[in-house]
Visitor: 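What follows is a structure written as structure tokens; I'll ask about it next.
The chains referred to below are lettered A, B, ... by the order of the sequence lines, with proteins before strands, and numbering in each begins at 1.
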Number of protein chains: 2
Amino acid sequence: MKKLSLKENNTADLPSPATLLFRKLSPSKQEKIFQAAVQEFASKGYRSASMNRLVKDAGISKGSLFLYFRTKRDLFDGVVEIAASKVKDYLKTVRDDTTNLLFFDRLELILRSGFDFIDRHPLLARIYFHLLQSGEAPFGSERIAMLRQQAEKFLSELIVTGIEREELKTGLDVPRLAFLINSLLETLLRAYYTDFLAPGLGLYRGNSQQLDQWVRTTLHLVREGIGNAAPESENPAKE
Amino acid sequence: MKKLSLKENNTADLPSPATLLFRKLSPSKQEKIFQAAVQEFASKGYRSASMNRLVKDAGISKGSLFLYFRTKRDLFDGVVEIAASKVKDYLKTVRDDTTNLLFFDRLELILRSGFDFIDRHPLLARIYFHLLQSGEAPFGSERIAMLRQQAEKFLSELIVTGIEREELKTGLDVPRLAFLINSLLETLLRAYYTDFLAPGLGLYRGNSQQLDQWVRTTLHLVREGIGNAAPESENPAKE
DNA sequence: GGCTAGAATGACCAAGTGGTCATTGACCGG
DNA sequence: CCGGTCAATGACCACTTGGTCATTCTAGCC
């Protein structure tokens with residue numbers, strides 16, 4: 001019953017990057033083309049993705065592709081649109097499904113859902129993070145900023161709720177903390193599908209035990225920090 | 001008093017990417033070429049950097065450049081070598097200059113020195129982070145892993161020392177925390193010179209007041225976390 | 001001067017790029 | 001079976017890429 005409006009098609013104001021012609025194609029053909037595009041962009045990044053290769057993989061002619069999407073950039077935008085909307089749906093779902101939980105339980109679920117999302121949509125995740133990380137791409141940085149702001153706004157709301165429920169300290173610097181925590185989550189997720197980011201730490205394709213440990217350590221850091229509060233003594237200086 | 005082995009030039013075992021001919025050049029000419037290369041790689045990233053453009057900027061002929069560096073890759077390696085060694089020196093200096101300070105003061109200084117480093121070497125910083133973040137480059141990922149491991153080992157040592165001095169909790173998951181804290185620092189530094197990463201949060205080219213706030217918030221998070229410890233009650237929620 | 005070793009040069013190369021467009025071919029109403 | 005419409009095609013375009021190499025230039029020596 002709580003299926004809130006998942007549509008919320010605020011992307012509608014932007015003109016779709018695909019041409020009318022493309023949208024008249026049979027769904028299966030559209031799918032085939034998108035799939036090839038996702039594959040190509042995910043594995044090569046925007047700049048090194050080759051339209052020639054893509055066309056071969058999709059099994060269509062080059063001329064057709066440029067009838068469906070006027071430019072490489074348009075095609076990429078179309079792919080990003082899909083990736084972003086999937087990510088958005090996932091964020092929304094997680095948020096709505098966890099409203100009643102405690103802050104740190106919510107945070108844990110967000111993280112775990114992130115791993116899950118990557119398992120389900122590895123290529124889309126790759127594109128999403130590539131976009132998020134990439135300073136070198138010719139994308140209007142507004143799009144990147146928007147993605148980021150979305151996640152941070154989401155986290156901010158979580159934190160504010162946590163404060164209201166007295167699960168978190170008062171007087172927190174919410175927007176900055178949202179940024180910092182978001183960066184922690186992003187790094188973890190990125191390292192989850194990238195082999196060289198955390199070599200030897202069992203995050204990349206880690207088994208569930210290793211992931212548990214990561215989740216525990218991360219939550220512990222965010223919850224309590226690592227400083228020794230010297231709980232017995234009123235004097236936090238040397239013992 | 002154990003002088004930690006710093007392994008100064010463990011890069012010496014690798015053959016220098018520059019040719020003999022290049023090393024015989026006058027320092028000023030070497031400098032000019034390096035400068036053009038740094039500029040080009042920093043602004044375009046590895047893949048989009050153009051040797052043709054570079055050659056024009058450096059004011060030498062294309063043939064010469066390829067006499068000095070056999071391939072584009074070699075030239076890039078040469079530039080990275082410089083960037084990495086500068087970063088390394090900076091890390092080492094910060095560490096050695098702060099051994100006597102408390103853990104969180106050290107951490108603060110590391111962060112502030114990072115900002116300072118970026119102010120001083122913006123282009124090298126860009127290349128360094130580009131390398132660190134880039135999954136798309138054709139660099140052997142070992143180099144990236146090495147850079148990362150260096151920073152994390154550095155942080156690990158700091159944490160261990162902090163634990164020994166009872167400034168930090170005992171029983172911490174040191175390597176994972178080093179990874180997480182490192183990711184926080186990296187994100188902050190990256191956002192410090194990247195306009196779109198933390199839009200509106202005053203980190204990009206922020207004034208010193210804004211930076212102070214960032215430092216404070218970050219350290220507070222790492223030290224105490226954001227969880228409400230419910231200090232009045234002696235009831236630490238069982239887990 | 002003449003000679004020569006070796007450094008500097010830029011025209012040139014094959015390969016690849018994103019993108020175009022004249023041609024083809026498939027379908028359809030008459 | 002015709003003509004008309006329009007999607008599909010791939011040869012082709014101008015341009016860029018990293019890299020090469022025959023040629024030219026230059027410095028030093030006799």
Side-chain angles (χ1 to χ4, degrees), chain A residues 16-34 36-80 134 136-140, chain B residues 16-34 36-80 134 136-140:
Chain A
S16 166
T19 61
L20 296 171
L21 189 53
F22 177 76
R23 271 170 290 173
K24 280 194 288 186
L25 257 43
S26 75
S28 74
K29 195 165 182 183
Q30 289 189 19
E31 187 54 35
K32 201 175 58 176
I33 292 170
F34 260 130
V38 165
Q39 171 65 45
E40 179 70 13
F41 283 125
S43 65
K44 306 286 178 179
Y46 175 78
R47 230 152 199 155
S48 297
S50 159
M51 299 296 262
N52 296 318
R53 215 170 18 221
L54 198 160
V55 144
K56 260 177 220 155
D57 287 359
I60 62 173
S61 76
K62 199 167 167 185
S64 293
L65 181 56
F66 280 90
L67 285 179
Y68 303 151
F69 296 88
R70 272 172 290 266
T71 64
K72 180 186 190 181
R73 178 61 201 278
D74 276 0
L75 174 56
F76 185 73
D77 282 348
V79 167
V80 164
S134 161
E136 57 138 21
F139 326 111
Chain B
S16 166
T19 61
L20 296 171
L21 188 52
F22 178 76
R23 272 171 287 175
K24 280 194 289 185
L25 258 41
S26 74
S28 73
K29 194 164 183 182
Q30 289 190 20
E31 187 55 34
K32 202 175 58 178
I33 293 169
F34 259 129
V38 165
Q39 171 66 47
E40 179 70 12
F41 283 125
S43 65
K44 307 286 178 179
Y46 174 78
R47 231 154 197 154
S48 297
S50 159
M51 299 297 262
N52 297 318
R53 213 166 23 218
L54 198 159
V55 145
K56 262 177 217 154
D57 288 358
I60 62 174
S61 75
K62 200 167 167 186
S64 292
L65 181 56
F66 280 90
L67 285 179
Y68 303 151
F69 296 87
R70 272 171 291 265
T71 64
K72 180 186 190 180
R73 179 62 202 276
D74 276 0
L75 174 56
F76 184 73
D77 282 348
V79 167
V80 164
S134 161
E136 57 139 21
F139 327 111

Visitor: Between A:Arg53 (side chain only) and A:Glu40 (backbone N and O only), is there a donor and an acceptor less than 3.5 Å apart?
Guide: no
Visitor: Given atom CG of B:Leu21 and atom P of C:dT9, what is their separation to the nearest angstrom?
Guide: 11 Å
Visitor: Taking NZ from B:Lys56 and P from D:dG18, how many angstroms apart are they, rounded to a whole number?
Guide: 12 Å
Visitor: Measure from CZ on A:Arg47 to C1' on C:dT17 and round the result to the nearest Å.
Guide: 13 Å
Visitor: Which is true for B:Lys29 with a 4.0 Å heavy-atom rule: it touches a base, it touches only sugar-phosphate, or it touches nothing?
Guide: sugar-phosphate
Visitor: Just jot down the side chain to side chain donor-acceptor pair (under 3.5 Å) partners of B:Lys72, sequence neighbours excluded, or say none.
Guide: none
Visitor: Please state whether the rings of A:Phe34 and A:Phe22 are parallel, tilted or perpendicular, taking 30° and 60° as the class boundaries.
Guide: perpendicular
Visitor: Check side chain to side chain donor-acceptor pair (under 3.5 Å) between A:Thr71 and all other residues, then give those that pass, not counting sequence neighbours.
Guide: none
Visitor: When the distance from CG of A:Asp74 to C1' of C:dG18 is rounded to whole Å, what number comes out?
Guide: 13 Å
Visitor: In this structure, how many angstroms lie between the P atom of D:dA7 and the CZ atom of A:Phe69, rounded?
Guide: 16 Å
Visitor: Measure the spacing between CZ of B:Phe41 and OG of B:Ser50 and express it to the nearest 0.5 Å.
Guide: 10.0 Å
Visitor: To the nearest Å, how far apart are A:Asp77 CG and C:dG18 P?
Guide: 15 Å
Visitor: Between the opening five pairs and the closing five pairs of the helix from C:dG1-D:dC30 to C:dG30-D:dC1, how far apart are the helix axes, to 10°?
Guide: 30°
Visitor: Please report the shortest heavy-atom distance between A:Ile33 and A:Ala58, naming the atom on each side.
Guide: CA-CB, 4.4 Å
Visitor: Identify which nucleotide among C:dA8, C:dG19, D:dG18 has an atom closest to any side-chain atom of A:Thr71, counting heavy atoms from C-beta outward.
Guide: C:dG19
Visitor: Apply side chain to side chain donor-acceptor pair (under 3.5 Å) to A:Arg70 and list each qualifying residue two or more places apart in sequence or on a separate chain.
Guide: none
Visitor: Any donor and acceptor pair, going by atom type alone, linking the side chain of A:Thr19 with main-chain N or O of A:Phe69 inside 3.5 Å?
Guide: no
Visitor: Which residues, if any, of residues 59-68 of chain A bring a heavy atom under 4.0 Å of DNA chain C?
Guide: A:Lys62, A:Gly63, A:Phe66
Visitor: For A:Asn52 and D:dC13, what is the distance between atoms CG and C1' respectively, to the nearest whole Å?
Guide: 13 Å
Visitor: Roughly, in whole Å, what's the span from CZ in B:Arg53 to P in D:dG19?
Guide: 15 Å
Visitor: 5'-most contact on DNA chain C: A:Arg70 or A:Ser50, nearest heavy atom basis?
Guide: A:Ser50
Visitor: Just jot down the side chain to side chain donor-acceptor pair (under 3.5 Å) partners of B:Asp57, sequence neighbours excluded, or say none.
Guide: none
